[in-house]
2 protein chains.
Amino acid sequence: MNSARPKDKTSPHRTRIQRKNREAILDAALDVFSTDGFRGATVDRIAQAAGLSKPNLLYYFPSKEAIHLALLSGLLDRWLAPLQALDPTGDPVEEILRYVRRKLEISREMPRESRLFANEILQGARHLQPTLETVLKPLVDEQAAVIEGWMREGRIATLNPYHLIFSIWSLTQHYADFDVQIRTVLGEAEGDPFPEAQRYLVTLFTRMLKP
Amino acid sequence: MNSARPKDKTSPHRTRIQRKNREAILDAALDVFSTDGFRGATVDRIAQAAGLSKPNLLYYFPSKEAIHLALLSGLLDRWLAPLQALDPTGDPVEEILRYVRRKLEISREMPRESRLFANEILQGARHLQPTLETVLKPLVDEQAAVIEGWMREGRIATLNPYHLIFSIWSLTQHYADFDVQIRTVLGEAEGDPFPEAQRYLVTLFTRMLKP
DNA sequence: TGAAGGTTTGACCAAATGGTCAGGATCACG
DNA sequence: CGTGATCCTGACCATTTGGTCAAACCTTCA
């Protein structure tokens, strides 16, 4: 049979070429999806950005949707790893600040991923909804319990732990997702807004968590 | 000449029908653009949602882009009105809290508009960039100066006023833009997250602004 | 070297998309 | 009522889109 697909996309047995091209495709797709959204992205643009012809791209991924799913599925794990790292035995303020800093770092280092995620949620989480329920919610429940524990012990000020987590996500991701707006308001001359953002957020959370 | 366009779209002299249909189109377009983004939206879907045929829709607006622009241009003003209302002679904490509350109200009452705006910024502000520079930036500069004045007088704690404004936008808009995620994490049983969000944000800003 | 299997492509397709147009239906108003 | 302006539609068009296919082209390795 001609024009066969690569034997098994999830198999570790991949040619050098296969690895290289799959990587190039995912990187290009991240560019395109994160700036145009799923429906706005076209396979042609992704292929072009990856330096491949469209049929060649579709040799590696069976459809546009498959590329999107491949990106999303890899994303949530890396997204949530730092939350998982909250140490119940550590110093509460330091633990939360560490999470905030790490999350802000991610916004600076992986803004495309942040925007891809934002696009997906913004447009109703059509592909990610199940994962949110089965992966995100339990993890947040767990960590909210840890934070609530700290509050009960009087080690940090009392606040709704869920909304505390939301506010960390919101504040840190904002610097990736609304980058254009922030740079416009600050003026291009200001340079990188992230260092000041980090100082600001550390101050903010320190103040609000002080018992 | 046949198939003429309505004489002047900006003119106040509009038929009853024209007003009704333009309104229906803009409302439908808000639905579609805010959930699919500009490129992902189709004229057909907008027309269908508005209860019109595609040619009929294009009788009222010359193009898809024109509808999008009509929505965006009306948006930023309403978006910024509450920021403009900061009263330099009022009580600083109360003024800022009033802004926060109002902004959160807007997120609850106009989530589609919030998402439309978020989509536009997220995707690089291709249509709104000039307006951000000429309208948003000067206003923020002005209000940041007001806030900085309050800080110099020692009436609120010292913080970067620009990032303070960013954090208000971020925290309040998050409840509209990431609505799906928030409801999933809290569980549908929890009901409306907004009342608790308001309590949370008021506490947060009160604590961090206390001199 | 040569065959087997992996990779790439040009040509192609059906469906969807933004937009046009001539003419018919309807409305406002003298 | 009638007539001119407004409103609406079916048919149509060029382009773009996601996706397929047969055949050609490379790699690899015995």
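Below, chains carry the letters A, B, ... as their sequence lines are ordered, and counting in each starts from 1.
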Give the rounded distance in Å between these two atoms: CG of A:N56 and C1' of D:dA23. 15 Å
Looking only at side-chain N and O atoms, does A:N160 offer a donor or acceptor that is under 3.5 Å from a partner on B:E196? yes
Non-neighbouring partners of B:E188 that pass salt bridge (Lys or Arg N to Asp or Glu O under 4.0 Å), sequence neighbours left out: none
In whole angstrom, give the distance that lies between atom OH of B:Y59 and atom P of C:dG23. 18 Å
Overall bend of the helix from C:dT1-D:dA30 to C:dG30-D:dC1 (five pairs an end, 10° steps) is 10°
Got a list of protein N/O to nucleotides 25-30 of chain C N/O distances below 3.5 Å?
from   : atom 1 : to    : atom 2 : distance (Å)
C:dA28 : OP1    : B:R16 : NH2    : 2.6

Residues in salt bridge (Lys or Arg N to Asp or Glu O under 4.0 Å) contact with A:D179, at least two apart in sequence or another chain: A:R183
B:S107 and B:T172: side-chain donor and acceptor closer than 3.5 Å? no
Establish, with yes or no, whether the OP1 or OP2 oxygen of D:dT9 is under 4.0 angstrom from a side-chain nitrogen or oxygen of B:S53. yes
In this structure, how many angstroms lie between the C1' atom of D:dG19 and the OH atom of A:Y60, rounded? 18 Å
In whole Å, what is the span from the NZ atom of B:K20 to the C1' atom of D:dC7? 11 Å
Sequence neighbours excluded, the answer for side chain to side chain contact (heavy atoms under 4.5 Å, CB included) partners of A:T35 is none
Please identify each residue that fulfils side chain to side chain contact (heavy atoms under 4.5 Å, CB included) with B:P195, with sequence neighbours left out. B:D192, B:R199
Between N or O atoms, less than 3.5 Å apart, protein on one side and nucleotides 13-19 of chain C on the other: list the pairs.
from   : atom 1 : to    : atom 2 : distance (Å)
C:dG18 : OP1    : B:A41 : O      : 3.3
C:dG18 : OP1    : B:K64 : NZ     : 3.2
C:dG18 : OP2    : B:V43 : N      : 2.9
C:dG18 : N7     : B:K54 : NZ     : 2.9
C:dG19 : OP2    : B:K64 : N      : 2.9
C:dG19 : N7     : B:K54 : NZ     : 3.4
C:dG19 : O6     : B:K54 : NZ     : 3.3

Name all residues meeting the ring pair (Phe, Tyr, Trp, His ring centres under 6.0 Å) criterion together with B:Y200; count only those two or more places apart in sequence or in a different chain, and write none if there are none. A:H163
From CZ of A:R22 over to P of C:dT7, roughly how many Å is that when rounded to an integer? 11 Å
Residues in side chain to side chain contact (heavy atoms under 4.5 Å, CB included) with B:R78, at least two apart? B:M110, B:E113
How long is the line joining CG of A:L57 and P of D:dT17, in whole Å? 14 Å
Could you state the atom-to-atom distance from CD of A:Q18 to P of D:dC26 in whole Å? 19 Å
Please list, chain by chain and in numerical order, all residues satisfying side-chain hydrogen bond (donor to acceptor under 3.5 Å, both in side chains) with A:D31, sequence neighbours excluded. A:R112
Partners passing side chain to side chain contact (heavy atoms under 4.5 Å, CB included) against B:L69 (at least two apart in sequence or in another chain): B:E65, B:H127
Listed by chain and number, what are the salt bridge (Lys or Arg N to Asp or Glu O under 4.0 Å) partners of B:D141, not counting sequence neighbours? B:K137
To the nearest angstrom, the CG-P distance between A:N21 and D:dT27 comes to 12 Å
